Amino acid sequence: MEGHLRLVGTVSLKVHPIGRSSSILCSSYRHRRNTSLDCLGKGLASAVAALALLSSNSLAESRIDPIRYACEDVDRYYSGVHRTDGVDLMRELNSVVSDHRSLPYKEVWEALKILDSADVDDPEASSEVIEIYSLRAVSKRLAGKPEGWNREHLWPRSYGLVDSPSLTDLHNIRPADVNVNSSRGNKYYGECVTNSMYCLKPANKEAAPDTETDRERWAPPVQVRGDIARSLMYMAVCYGFQQPGGIPNLQLSDSPSIENREMGLLSALLKWNEIDPPSREERLRNDRICRLYQHNRNPFVDHPEYANLIWNHIDKVNRLASHTSVKAWMNEFHYNNKGKDCNEFVEIIASSSTDASRLHLILYNGANGKMYKKLSLVDEIFNVRNLGAGFSMYTAYLPLQNGPRDGMALVSVNDGDVVEVVQFLSYEGIVKACDGPAMDIESVDVKVYETEESSELDSLGLTGEETGGFEWTKFIGKATPGRPNAGQRFVAT
């Protein structure tokens with residue numbers, strides 16, 4: 001019976017046992033007592049020589065029988081993902097993909113020559129790679145040369161890629177023409193604003209004809225817009241939670257900010273994910289990153305539906321704020337920071353047409369779904385400021401639970417003690433209220449969060465103009481309790 005001598009994780013070499021005719025081992029076993037050791041020695045020497053010869057073969061040949069990594073069994077890889085949406089789903093995916101091999105930056109060149117080869121079926125034999133923004137096939141030998149291609153970080157380095165592993169993550173790096181890459185710079189993704197006088201099509205004379213750009217936005221070829229969207233979603237999941245060494249967390253937003261490490265435009269990425277589903281080439285690339293390099297996967301290539309399950313909460317927040325006769329909303333809060341918690345507060349905006357004495361703030365414990373504090377906006381703990389334009393701001397400094405999954409409900413008590421839930425928000429997960437005015441209602445996760453490394457000057461707050469256009473963002477070192485948030489305007493109605 002034939003045996004196998006295994007070269008760790010790479011090739012299998014057939015070796016015939018002693019006593020059977022073979023060109024590798026001795027031809028006879030008649031004198032086994034005197035010659036078996038000599039025969040075995042000659043056989044092993046021949047086997048080693050054969051292995052040395054095989055090791056000089058191509059990359060494809062050297063990976064005939066690879067070690068199986070967990071990411072290769074796609075169904076089992078996600079078997080621990082049970083949450084259905086929001087930050088909870090995001091956290092579970094993070095626990096799956098964040099533990100992976102980190103490549104040295106110099107090894108990225110060779111990896112791209114395989115992952116983005118012009119011939120996806122025989123990448124080692126192909127002499128060319130495909131550039132992400134021009135979709136042209138160019139020689140692998142032009143890697144790093146001025147007239148060639150370089151390593152494009154889809155999520156730009158300036159938006160929070162400080163060091164490995166985020167800096168060298170292959171899910172985020174593609175070959176790009178040097179000149180086109182320079183034109184893109186660190187612009188966030190999105191189509192030009194309608195009727196913009198600054199829109200350039202194509203985005204660069206060497207880019208694909210269906211690219212476009214203005215002073216801030218960059219739209220890649222339609223053929224790869226979904227690919228790029230899913231790459232950025234992966235980055236937000238893999239590096240969207242507490243990073244080692246205090247490295248800022250990455251987030252997606254419709255208000256991109258280098259300072260806040262927020263990339264976008266989220267709404268454009270969600271749309272691109274829908275209209276450009278994963279192609280065979282994108283799936284092969286994901287498989288090869290798993291099998292050959294990092295040993296993790298991009299969950300949005302395997303499950304594009306995860307995108308809407310995670311990032312549909314901004315619209316939900318805005319809809320909740322507009323589906324009530326009461327014009328009031330939670331505007332900013334701070335709940336967690338490094339060391340002893342301090343400067344914790346909640347800020348609420350109400351229109352002058354709203355009777356503040358009817359409004360109450362209910363704080364909910366996510367661990368059991370029960371409320372742990374109830375306050376009226378006319379209580380002395382609230383400081384009141386007239387903002388003009390028909391709005392007032394109510395700010396209270398009070399202890400808030402640190403999560404995960406703690407909530408805050410803003411309710412209005414009408415004549416006859418009829419209670420209307422104006423808003424039910426939460427941070428670090430969804431809360432289902434088990435008592436109080438919001439009982440049996442599920443909260444809307446604001447999607448941004450603070451950590452044990454946050455500053456006491458950080459906060460989570462709304463930006464934009466009027467309630468229908470507000471969205472939650474993280475302010476790093478720029479909390480503004482008692483004052484309008486950065487980028488926020490109130491318009492009289």
Side-chain angles (χ1 to χ4, degrees), residues 85-87 89-91 93-94 153-161 166 172 186-191 193 214-219 225 228-243 247-274 300 306-319 321 329-334 425-428 444-451 454 458-480 485-489:
D85 56 22
V87 173
L89 174 57
M90 197 173 181
R91 283 186 180 277
L93 291 176
N94 170 269
H153 290 81
L154 306 178
W155 189 298
R157 298 175 67 167
S158 59
Y159 276 79
L161 308 188
S166 64
N172 184 53
N186 65 352
K187 293 178 181 178
Y188 54 82
Y189 290 107
E191 293 100 334
V193 177
D214 58 22
R215 292 178 174 178
E216 297 178 328
R217 307 180 186 206
W218 180 271
R225 289 184 183 179
I228 289 173
R230 288 180 284 274
S231 293
L232 267 64
M233 292 168 182
Y234 160 86
M235 293 294 286
V237 163
C238 191
Y239 307 103
F241 295 87
Q242 187 169 342
Q243 299 297 303
I247 296 174
N249 303 327
L250 305 187
Q251 298 183 56
L252 290 174
S253 167
D254 271 339
S255 299
S257 166
I258 292 176
E259 184 178 15
N260 293 340
R261 305 315 194 243
E262 294 182 16
M263 186 56 187
L265 293 167
L266 175 59
S267 56
L269 301 177
L270 289 171
K271 180 177 72 173
W272 295 352
N273 177 59
E274 292 281 346
F300 301 100
Y306 285 163
N308 286 328
L309 292 175
I310 291 174
W311 282 291
N312 66 353
H313 298 286
I314 292 176
D315 288 340
K316 237 172 132 184
V317 171
N318 290 336
R319 286 197 299 272
W329 64 90
M330 286 175 271
N331 194 61
E332 185 182 11
F333 63 98
H334 167 65
L425 304 182
S426 58
Y427 43 93
E428 299 189 40
V444 174
D445 194 328
V446 298
K447 194 182 77 63
V448 288
Y449 48 88
E450 296 179 314
T451 71
S454 295
D458 293 352
S459 70
L460 308 181
L462 294 172
T463 61
E465 183 174 310
E466 278 241 79
T467 54
F470 287 156
E471 61 186 58
W472 286 95
T473 189
K474 183 175 182 179
F475 298 111
I476 300 179
K478 292 187 176 181
T480 56
N485 302 333
Q488 187 174 45
R489 272 200 325 134

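As the structure is a computational prediction, the values presented were derived from the model and not from experiment.
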- Query: Would you call the rings of Phe300 and Trp311 parallel, tilted or perpendicular, where under 30° means parallel and over 60° means perpendicular?
  - Reply: tilted

- Report the relative orientation of the aromatic rings in Phe333 and Tyr427; use parallel for angles under 30°, tilted for 30 to 60°, perpendicular for over 60°. tilted

Taking [X] for its side chain and [Y] for its backbone only, find out whether a donor-acceptor pair lies under 3.5 Å.
| X | Y | value |
| --- | --- | --- |
| Asp458 | Gly477 | yes |
| Asn485 | Leu462 | yes |
| Lys447 | Leu252 | yes |
| Asp254 | Ser267 | yes |

Please name the pair of heavy atoms, one in [X] and one in [Y], separated by the smallest distance, quoted to 0.1 Å.
| X | Y | value |
| --- | --- | --- |
| Gln251 | Trp155 | O-CH2, 3.1 Å |
| Ser158 | Asn186 | OG-ND2, 3.0 Å |
| Met263 | Leu154 | CE-O, 4.2 Å |
| Trp272 | Glu191 | NE1-OE2, 3.2 Å |
| Glu259 | Ile476 | O-CD1, 3.7 Å |

- Item | Basic-acidic side-chain contact under 4.0 Å: Glu332, Lys478 | no

- Message: Can you see whether Asn249 engages Arg261 through a side-chain donor-acceptor pair at a distance of less than 3.5 angstrom?
- Response: no

- Message: Under the rule for salt bridge (charged side-chain N to carboxylate O under 4.0 Å, His left out), what residues qualify as partners of Glu428, not counting sequence neighbours?
- Response: Arg91

- Message: Go through it in stages, so that I can follow the logic: the residues are Thr473 and Phe475, the test is side-chain contact (heavy atoms from CB on, under 4.5 Å), and I'd like the CA-CA distance, side-chain angles, deciding distance and then a yes or no.
- Response: CA-CA 6 Å; Thr473 189; Phe475 298 111; 3.5 Å; yes

